[in-house]
Each structure stands twice: as structure tokens, then as C-alpha cells.
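All values below come from the heavy atoms of this structure, side chains included, with hydrogens, waters and symmetry mates left out. All of these numbers come straight from a predicted model, not from anything done at the bench. Residue numbering restarts at 1 for every chain, and letters A, B, ... go by the order of the sequence lines.
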Amino acid sequence: MENTTRIQVPTMAEMMAKGESPDVLFWVGCAGSFDDRAKKITKAFVKILNHLDYKFAVLGTEESCSGDPAKRAGNEFLFQMQAMANIEVMNAYEVKRIVTTCPHCFNTLKNEYPELGGHFEVIHHTQMLQSLIDEGRLTVDGGVYKGKKITFHDPCYLGRANEVYQAPRSLIQNLDAELVEMKRCKSRGFCCGAGGAQMFKEPEKGSKDVNIERTEEALETKPDIIATGCPFCNTMMTDGVKNKEKEEQVKVLDLAEMIATAKDL
Amino acid sequence: MGISNLIFALCVGAAAFLFGKNVIKIKRNIMLGRDIDRSDRSSERWKTMARVALGQSKMVVRPVAGFLHILVYLGFVIINIEVLEIVIDGLLGTHRVFAFMGGFYDFLIGSFEILALLVLVSCVIFLIRRNVVQIKRFVMKEMDGWPKTDANLILIFEILLMSAFLLMQGADLTLQKLGAAHYIQAGAYPVSSFLASLFDGMSMEAVLGFERGFWWFHILGILGFLNYLPYSKHFHIILAFPNTYYSKLEPKGAFTNMESVTKEVQMMMDPNADSFAAPAEGVADEEPQRFGAKDVNDLNWVQLMNAYSCTECGRCTSECPANQTGKLLSPRKIMMDTRDRLEEYGANLDAKEKNPDDGKYLLDNYITREELWACTSCNACTQACPLNIDPLSIILDMRRYLVMEESAAPTELNTMFTNVENNGAPWQFSAMDRLNWKDEA
């Protein structure tokens, strides 16, 4: 049953006009704004925030690429231009706290913006959701996920890059699901193949695509769902599952989507 | 003091001199790198060194190799106490100068023997892993030739040294039993007592000959091995410590922001800046630095020290998603190439008549573009490295050179750059449509 309530997405500009400031800025990211699959993650997360009456805002058209793909591809000029422009906008709004559904934006904003003048507290949405549960503000039970077998693919820029391993796993456990680990997980997690700007180019010649290798490993755990916390990993794993013709049996979902669905939002 | 003490002193002196000379040369090569400030957070750095180098914390991620390596490492460190005694004996003509420690001495000598045996066995297993079992990371293309020989030589060296030590001990024990003058009754011989039977029935002179022979073989072997280190990947036993001390402490995902770029971007974004202004006094004389890295001297000294610290274990490569799916990229090869090119670059500097510029570069002559563009920047290599070596930073610096100096990114990446620049997103969507998702069903 499609929930027809419209989502509420205030912008920083609107908030400011009303003389208010949000508790958190939701940094949507390019994938979350433009990619059809990733937009579903964005909306699921907003539904949760709306459900909690969480006071948040987005930058909307004032947001621009964090610069991550440019930086990893070696274009430091373009990265710093993007970074400084974004920092200027956020500092003008006196942003203190940022949440994002993209580990690449998360990493860049958290680790690379401070030196360029952007000092924010940056958290990933899985961390925020878990702390909302810990605080008792958000309650979840398994719902449709109760007893389901779920494996979690660690996004490199969330896991190894920033050592966030527990929050997404706790969320899966909160859904009363059975968490099954792949052979290579946590600090030894295997990349989906999208990082380092690979998302935007054809891979070099090899024997296999990285996402196929990773999907095969995920499928070995015989999961009902491959969960992840990154729009790019989501694309790569979804493509991998389709390549293996398993899309009927195995879903690739973001944790925000699973929480929203479990709560029937 | 006799003639043998003099010869011994000369050998030790020559070995120390040669080793020192080669270490200075390696240090000179490392300092050819650009400056990078790693003088901060010293207590955190000491802790990292204690944990990763001294404590071998990342070795045990792979339990079999990790355990055997710890045995060899402990053997190496602890048996060196015995080398101290050997050197003093050799210089002064004494024998077992530490024997006055009594029971503690027995304990020491006994544990040296047990460790020596464990080291020996471990090295044999290592040889089998490399040459018989042929574990994949040891037989990859970049290991052909010298790297493979180097690895085997190190293991054979250690087996010979440990064998000589144990045989020397066995001969010594026999001499003690025979009541040979000068051979003080001291030490415990849990391993070599089984070897002593080899000398049964020999005359005292013959046993003396063997004992001296093994003694000299052992100590000259150690001095020789010491001088082999600077030419070998085995130099890691020294550089492991500074390399972990100076390793990156920031989260793995944090890549450096290039200061030179920051200045230019600030200038561009500052409406009051005069971009045609004459540069400040002195600045004009400086040769502008290349953006990114084309050759080894464009890398920083930590990256160059990384190259000399690499012991080619290949854990990075065996975790690299690009390599594991058949791409050319191997992070270990990035480090080996950097070292090889740096050695070549240093040799060019030494040959005074030759300009270090030999028309060759790290890029293209050693590391191909195809390798560089295959990296997903996932940090599996830096996570896997037992010595905190950072191949990813070299890959990134070389990409920076390709993009900012040569505009030589793959076409699709140039398209992505254009999109980010014009639309604020890597795809061709209008920036004004960025919030459209909120009204879509």
C-alpha cells in the first residue's frame, strides 16, 4: 500500500527566512538527488525524519557535489573549488551538524573540509538512526524483515575509511533479522568497485568486474537481502544481482529503506 | 689478544663501516622526497610503532604466517643478545664472557637454542610456502627474478646462521665435557646436546677446529647478512620502526589537501585578489613544483621510506579488488617500482658526470597509466600492510600529475569533471533540478 502523505523537505533558505535553524543539515548528495534508485533512499530517510518530527533541512539547489569523485580521480583543483564553495554556503547558514546518506560525502565533509575552513560534526545516516534508537526516540521492530537473512556490505568509505562498522549492523539486529557475514567483512571488506571515481568510467581490462566478485561473495551467504549504506554500493550490488539473475530472490536495500518499510512509512 | 682478535676487530669494523655507508646512501635517497610534516602527535606515533612494529599487531591477521613471523622476529631480537657476547669474546679473546651470570646465563643460552630451532623450522616452512606450495602472492609476475631470489636468499641465510649457531653450541658442549682449556662449563644446551653426538670420537683438536669454524662462520655470516640488508627487501627489519612511527594517523579516508592548490583556489575565489600581482620577493626565483608526481622526487619522503620498508609480502595485492579481478594494478608493484626507480635515480646522482635526468620517470617507465586508473581507492592495501605502507597515496599523487599537468584522464572522467564543474554533479543534470526528488511520487 503506497503511503500518500507528502514528505516535508524544508530548505535552509526557507528555515532562515522564518528565523529558524535546523538541528541537522541533511546533505543529500548527487546520487541521492539525481539517481533514480538512490532517490528512494533519500525519500525513505526523509520519511523517518518526518515521522519523528525531526527538525532538519536540506540545501536544495544550493548544494553542490562534495568534490569526492574529482579528488579521487586526481583533480584537486576541482575538488577544492567545490569544497570551498560548499563551505562558504554552509558557513553562511552557520551549519553545525550534518547527516548524509552517502559515505563518500560523509568522508569528504568530515575529513577533508575542516582544513579548508569547514568545521562540522558529520555523521552517516546509519549512525544517526542507531543513536535515535539508543535514545528511545525511534522504535523499530522487525516487521517484514523479522527472521530474514541479511548480509551487510561494508562501504569502503564508511568502514575502512572511517571505521564505522557497528551502527549498520546494530540496525539489522534491531530489525530482528539474522545478520550473516560475508567472508571478507568489516576492515577486510571487499570493495563494490565504484570508489575512486570508478563509478564514472569503464573498468580496466581484467578477468572479472569487481561488483560481480563481491556479489558472488554476498550470494554465498544465501541472503534474502543484501543491505548496504551507500548509493554507489547499492547500484553496483544491484547490477551484480541482476547479472546473476537473482533479482527475484535477493533484494539490495539501504538501511534507511528497511527501517522506513519496517515502520510502514 | 692475538692475531685472531685483530682480524675479528677488522671484520667488525669493516662491516660496520660498509653498512653505515649504505644506510647513509638510503637516507640520502629517502630525503630526495618532498617535505611532509609528520612531527605532530608524537605519543600517538610511539604507540602506533609499539603496536604495529614491535607488537606485530597486523601480522597476526593471517594467523599462520603471523605466528611463524613472530617466532623469527623474536628469535632475531633475542638471539642478538648472544651476538653481543660473541662480539665481546671476539674482540677480547675471552670465551663466554657473560658466564658469570650463572643460572641466568644458563637460562639465556637455553632459550637462545630453543628460539634458534624455532627460527630454523619457521624458515624451512617459509621456503616451502614460497617454493613448493607456491602461495599465489609469492609467485606473481612482479616477483620474477631478483625479488624471488632475494626472498629465498634471506631464508637460506637465516637457516645457515641458525645451523651454525647450534653446531657451534654442540661443539662447545663437547669441548666442555672433554675438559678443554678455556671452555668454561656454562650454559644450557637443550637443542645442541642432540647435535653433540656428531662430534663423538673426534680428537679434541678436531672438535676445537669445528667449534672455531662454526663460530667464525656464524659471526661472519651475521656481519655479511647485515651488509646484505641495504640491497634487500629485508631492510624492513630496520625501517619497520620509523615507517610505522611516521605513518598516517588520520582516518584512512582522509586524503591530503594540496596546499599549492588551496592558495590558487583562494585567489580565484577572492574578489579582491589581484591575480596579475607580482609574486612576493623571493618567490619568483623558486622553481614551481609539479602538481602531483611524475617521478620519485615528486613524492614525499614518507612515501619513499615506504618503498624501502616494503618487504614484498604481497598482502596488499592479495586484498586489492582491482588485482583480484585480474587488472594490472598491484599495490606491491607500486612500492617495488618506486624503490627500483629511486635506486636508479640515486645511482644517477652518484655518477657525478651524469645528470640525474636520464629521460626516465616513475610514470610510464615503471608504473603504467592503466595500473593507476584501476584503483578504487578502497584502502584495502593500506589496511592489509603490516607496516602501514600507503601505496594509495602514491597512486593518487600520480593521478594528480596525470590530471593537473597532462590533462590525461580517461575520457569518461573528463566528462565527469565537466559535469561537476558546470552542474555541480558528476552527471549531466541541471543544478536547478537538485531538489526535484521531493515532489516526485
* Those residues of residues 98-111 of chain A, ordered by number, that approach chain B below 4.5 Å (heavy atom to heavy atom) ->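 Within residues 98-111 of chain A, near chain B: A:N107, A:K110, A:N111.
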Main-chain N/O of [Y] paired with [X] side-chain donor or acceptor, under 3.5 Å:
| X | Y | value |
| --- | --- | --- |
| B:N257 | A:E115 | no |
| A:R6 | B:D439 | no |
| A:E76 | B:M258 | yes |
| B:E412 | A:E202 | yes |
| A:E112 | B:F255 | yes |

Look at [options] and state which one has the largest set of heavy-atom pairs under 4.5 Å with chain B.
| options | value |
| --- | --- |
| A:C192, A:S66, A:G29 | A:G29 |
| A:K208, A:K39, A:R72 | A:R72 |
| A:E63, A:E204, A:Q82 | A:E204 |
| A:A31, A:C156, A:C65 | A:C65 |
| A:A194, A:G189, A:A70, A:P203 | A:A70 |
| A:E213, A:K205, A:E163, A:M199 | A:K205 |

Side chain / backbone / both / neither for [X] at chain A, heavy atoms under 4.5 Å:
| X | answer |
| --- | --- |
| B:S430 | backbone |
| B:A374 | both |
| B:E370 | both |
| B:E371 | neither |
| B:T411 | neither |

Between atom [atom1] of [X] and atom [atom2] of [Y], what is the distance when rounded to the nearest 0.5 Å?
| X | Y | atom1 | atom2 | value |
| --- | --- | --- | --- | --- |
| B:E440 | A:D36 | CD | CG | 7.0 Å |
| B:E264 | A:F77 | CD | CZ | 4.0 Å |
| B:M269 | A:Q80 | CE | CD | 10.5 Å |
| B:W373 | A:Q198 | CH2 | CD | 9.0 Å |
| A:M236 | B:T376 | CE | OG1 | 9.5 Å |
| B:F417 | A:N75 | CZ | CG | 4.5 Å |

* Asked: For A:F190, is it the side chain, the backbone, both or neither that has a heavy atom under 4.5 Å from a heavy atom of chain B?
  ->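 It is the side chain, since no backbone atom gets that close.
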* Would you mind checking which part of A:K201 comes under 4.5 Å of any heavy atom in chain B, side chain (CB onward), backbone (N, CA, C, O), both or neither? => both
Min side-chain heavy-atom separation [X]-[Y] under 4.5 Å:
| X | Y | answer |
| --- | --- | --- |
| A:M84 | B:T262 | yes |
| B:S377 | A:Y157 | yes |
| A:V210 | B:K327 | yes |
| A:I7 | B:W437 | yes |

* Taking atom CD of A:E14 as the centre, report whether more than 12 heavy atoms of other residues, nucleotides or ligands fall under 6.0 Å from it. => yes
* Got a sec: does the NZ of B:K58 have more than 12 other heavy atoms crowding it under 6.0 Å? ->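 Above 12, so yes.
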* To do: Tell me, with the steps shown, if A:T11 and B:L435 meet side-chain contact (heavy atoms from CB on, under 4.5 Å).
  => CA-CA 9 Å; A:T11 63; B:L435 196 51; 3.5 Å; yes
Return the option, out of [options], with the maximum number of heavy-atom pairs under 4.5 Å with chain A.
| options | answer |
| --- | --- |
| B:A384, B:P410, B:P426 | B:P426 |
| B:M432, B:Q324, B:E421, B:E319 | B:E319 |
| B:T382, B:N323, B:V403, B:T415 | B:V403 |

* Residue list, side-chain hydrogen bond (donor to acceptor under 3.5 Å, both in side chains) with B:T317, at least two apart or on another chain ->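 Listed in chain order: B:S330.
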* Per-residue contacts, residues 394-402 of chain B versus chain A, heavy atoms under 4.5 Å ->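 Near chain A, by residue number: B:L396, B:R399, B:R400.
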* Structure fact -> Smallest heavy-atom separation, A:A73 atom then B:L413 atom, equals CB-CD1, 4.0 Å
* Asked: What is the minimum heavy-atom distance between A:C191 and B:C378, and which atoms define it?
  ->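 The pair with the smallest heavy-atom distance is CB-CB, 3.7 Å.
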* To do: Would you check if there is a donor-acceptor pair between the side chains of A:N162 and B:K252 at a distance under 3.5 Å?
  =>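 Result is no, nothing qualifies.
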* Is the B:W427-A:F200 ring centre distance short of 6.0 angstrom? -> yes
Would you give me the side-chain donor-acceptor pairs under 3.5 Å for residues 49-61 of chain A, sequence neighbours excluded?
residue, atom, partner, partner atom, Å
A:N50, OD1, A:Q8, N, 2.7
A:N50, ND2, A:Q8, O, 3.1
A:Y54, OH, A:R97, NH1, 3.0

